[in-house]
Amino acid sequence: MLLNISKTHILVSFVFLLILSGAIYTYLENITIPFTFCQPCHENPESVVDEAEKRVEMKHCPLDDSRRSGNLIMKAGLSYPQPSTLTGRTDVNSVTNWNAPLVWEGTFDPVVIDDIYSRMNPRVAVVVLAVGKYTRFLKGFLESGEKYFLVGLRVTYYIFTDNEQDVPNVTLSEGRKITILPVPSAKRWQDVVLSKMKWATVTIDKQIRNEADYLFMMDVDSVFHNRFGAESLSQMSAVLHRGFYKNINRDGFPYERRPESKAYIPAGEGDYYYTAAVWGGYLEDMYRLVKYCYEQSEEDAKNNIEAVWQEESHLNKYFLYNKPAKVLSPEYLWSDYDAPGSDIKLIRISQLVKDYAEVRPNGGQ
């Protein structure tokens with residue numbers, strides 16, 4: 001028996017299904033026009049912290065922005081090796097349990113990645129803090145960054161410093177620049193790292209928001225050694241800490257374990273332990289995360305407590321309940337203190353050996 005279903009009935013059913021998926025598509029002759037119920041993203045939605053559920057939720061809607069990594073458009077005729085679905089890195093895991101990429105050397109094709117992102121032509125902000133004697137590390141950081149960090153893309157280094165005269169004159173590639181931002185000195189290194197969250201929050205809100213699409217927070221006492229490319233870009237990219245990325249039970253991670261702190265993570269919970277020396281993402285997502293770390297640290301201070309690893313503790317809590325879209329291997333921040341294992345095929349950036357007692361205002365590790 002034939003069913004007598006009109007075109008109108010089919011259309012109504014189709015629209016109903018699309019409404020359930022969060023969008024409406026209106027059919028006019030041969031033209032399909034999309035509509036969405038998303039609220040305007042320029043309203044700068046805030047994070048919502050649900051302490052009862054130990055969850056930090058973000059309320060936002062995606063932007064249709066050609067510079068976002070969701071638009072992975074490649075030019076026709078590009079020559080590169082055919083990717084395989086059956087072979088690749090077998091010595092490391094290259095995907096998280098929430099199905100996000102875990103990026104190692106050998107898990108991506110730089111030719112393809114570079115073509116995609118050169119077409120987007122994103123603006124990338126890099127925030128570093130060079131206070132006190134840490135200005136001595138600026139020259140090596142900047143010069144090596146010009147050789148290896150997001151080469152070919154537009155980059156602005158935002159340098160927070162209390163010694164503007166010590167910022168070196170470094171030759172920069174086309175489309176790249178330095179912006180110096182004066183900040184007060186600090187008496188404790190712990191205050192230095194916490195103040196970075198404060199000054200970054202203020203400066204993103206007042207200035208960087210109009211000048212960048214992506215933002216990285218980085219420690220200045222580091223040197224780039226190899227490509228640190230566009231494969232690192234995503235809505236939010238976290239970096240595995242070199243000291244805790246293998247054969248460590250989650251209860252052995254140096255999370256904040258005191259319930260009195262806003263950074264508290266209970267025993268039995270955790271994915272990875274992330275470093276706060278390198279992390280990045282979309283500008284607005286980074287703004288919310290930086291602001292979160294700053295405000296949570298301020299709440300701790302009111303309660304006369306300081307998270308065990310300052311902003312890194314708050315960062316790890318955030319990433320536990322708000323999964324990063326991409327996880328970068330320890331290649332994206334190694335340390336000259338440690339010899340790499342066989343799984344580290346390429347050290348992209350590494351923290352320098354230094355005398356902490358000499359360079360830090362209050363010394364110590």
Side-chain angles (χ1 to χ4, degrees), residues 21-23 25 31-34 36 38 41 60-90 92-96 98-126 145-156 172-176 211-216 218 224-240 278-286 323-329 331-332 345-349:
S21 68
Y25 285 80
I31 303 173
T32 303
I33 303 174
T36 178
C38 282
C41 293
H60 67 283
C61 67
L63 293 176
D64 182 17
D65 186 336
S66 62
R67 296 193 182 103
R68 284 181 175 263
S69 56
N71 302 298
L72 306 179
I73 302 170
M74 187 186 75
K75 69 181 178 183
L78 186 68
S79 178
Y80 59 92
Q82 179 181 344
S84 172
T85 59
L86 301 177
T87 61
R89 289 287 295 266
T90 59
V92 292
N93 181 20
S94 58
V95 64
T96 70
W98 59 93
N99 208 30
L102 208 169
V103 183
W104 304 79
E105 176 66 8
T107 62
F108 63 91
D109 188 328
V111 174
V112 176
I113 291 286
D114 287 348
D115 181 74
I116 290 171
Y117 281 87
S118 65
R119 294 164 64 86
M120 295 180 188
N121 195 26
R123 303 165 299 170
V124 182
V126 179
E146 286 303 286
K147 291 179 63 177
Y148 298 114
F149 180 69
L150 296 178
V151 174
L153 299 184
R154 295 179 289 173
V155 173
T156 300
L172 303 177
S173 302
E174 182 179 357
R176 298 162 79 98
E211 301 173 353
D213 306 299
Y214 291 86
L215 182 141
F216 275 92
M218 291 187 166
F224 295 88
H225 296 288
N226 288 286
R227 171 196 171 93
F228 192 122
E231 74 283 350
S232 65
L233 298 175
S234 77
Q235 180 178 357
M236 191 64 70
S237 297
V239 179
L240 297 181
V278 176
W279 40 297
Y282 292 159
L283 190 282
E284 290 300 331
D285 292 85
M286 283 293 289
K323 309 297 189 188
K326 186 176 288 185
V327 176
L328 306 178
S329 71
E331 298 169 351
Y332 290 84
K345 307 297 184 184
L346 199 68
I347 295 176
R348 304 180 187 279
I349 181 173

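Counting begins at 1 with the first residue of the sequence.
Rounded to the nearest 0.5 Å, atoms CE (M236) and OH (Y214) are 11.5 Å apart. Interatomic distance, L328 CG to S234 OG, rounded to the nearest 0.5 Å: 7.0 Å. Rounded to the nearest 0.5 Å, atoms CD (E284) and CD (Q235) are 11.5 Å apart. Taking OG1 from T96 and NZ from K326, the interatomic distance works out to 12.0 Å, rounded to the nearest 0.5 Å. Atom CG of L172 is separated from atom CD of E174 by 12.0 Å, given to the nearest 0.5 angstrom. Annotation: the span from M74 atom CE to I116 atom CD1 amounts to 7.0 Å, rounded to 0.5 Å.
The shortest side-chain heavy-atom distance between N121 and R154 falls under the 4.5 Å cut-off. Proximity of L102 to L240: side-chain heavy atoms (C-beta onward) are separated by under 4.5 Å at one or more points. R119 is listed as a side-chain neighbour of D115, based on a closest heavy-atom distance under 4.5 Å.
Here R227 pairs with D114, E231 under the side-chain hydrogen bond (donor to acceptor under 3.5 Å, both in side chains) rule; sequence neighbours left out. Residues passing the side-chain hydrogen bond (donor to acceptor under 3.5 Å, both in side chains) test with S232, sequence neighbours excluded: none. Partners of F228 according to the ring pair (Phe, Tyr, Trp, His ring centres under 6.0 Å) rule, which considers only residues two or more places apart in sequence or in another chain, are F149, F216, F224, Y332. Not a single side-chain hydrogen bond (donor to acceptor under 3.5 Å, both in side chains) links T85 to another residue, sequence neighbours left out. For the salt bridge (Lys or Arg N to Asp or Glu O under 4.0 Å) test, residues two or more places apart in sequence or in another chain that qualify with K323 are D271. With sequence neighbours excluded, the residues that form a side-chain hydrogen bond (donor to acceptor under 3.5 Å, both in side chains) with R176 are E146, Y157.
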With a 3.5 Å cut-off and sequence neighbours excluded, list the donor-acceptor pairs that the side chains of residues 103-112 form with protein atoms.
residue : atom : partner : partner atom : Å
W104    : NE1  : N93     : O            : 2.9
E105    : OE1  : R348    : NH2          : 2.6
T107    : OG1  : W104    : N            : 3.1
T107    : OG1  : W104    : O            : 2.6
D109    : OD1  : V111    : N            : 2.9

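Contact detail for A100 and A325: the closest heavy-atom pair is CB-O, 3.3 Å. Minimum interatomic distance between A230 and L150 (heavy atoms only, all atoms of both residues): N-CD2, 3.5 Å. Closest approach of E331 to K345, counting heavy atoms only: OE2-N, 4.2 Å. The two atoms that bring P122 and L233 nearest to each other are CG-CD1, 4.5 Å, heavy atoms only.
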Output, in order, the C-alpha distance, side-chain angles, deciding distance and verdict of side chain to side chain contact (heavy atoms under 4.5 Å, CB included) for L215 and L283. CA-CA 5 Å; L215 182 141; L283 190 282; 3.8 Å; yes

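Every pair tested for salt bridge (charged side-chain N to carboxylate O under 4.0 Å, His left out) that includes a residue from residues 79-88 fails, sequence neighbours excluded, so the list is empty. Within the structure, every pair that satisfies the side chain to side chain donor-acceptor pair (under 3.5 Å) test and touches residues 74-84, not counting sequence neighbours, is listed here: S84-T87.
Side chain of W279 to main chain of M286: no donor-acceptor pair is present (N/O by atom type, distance under 3.5 Å, no hydrogens or angles).
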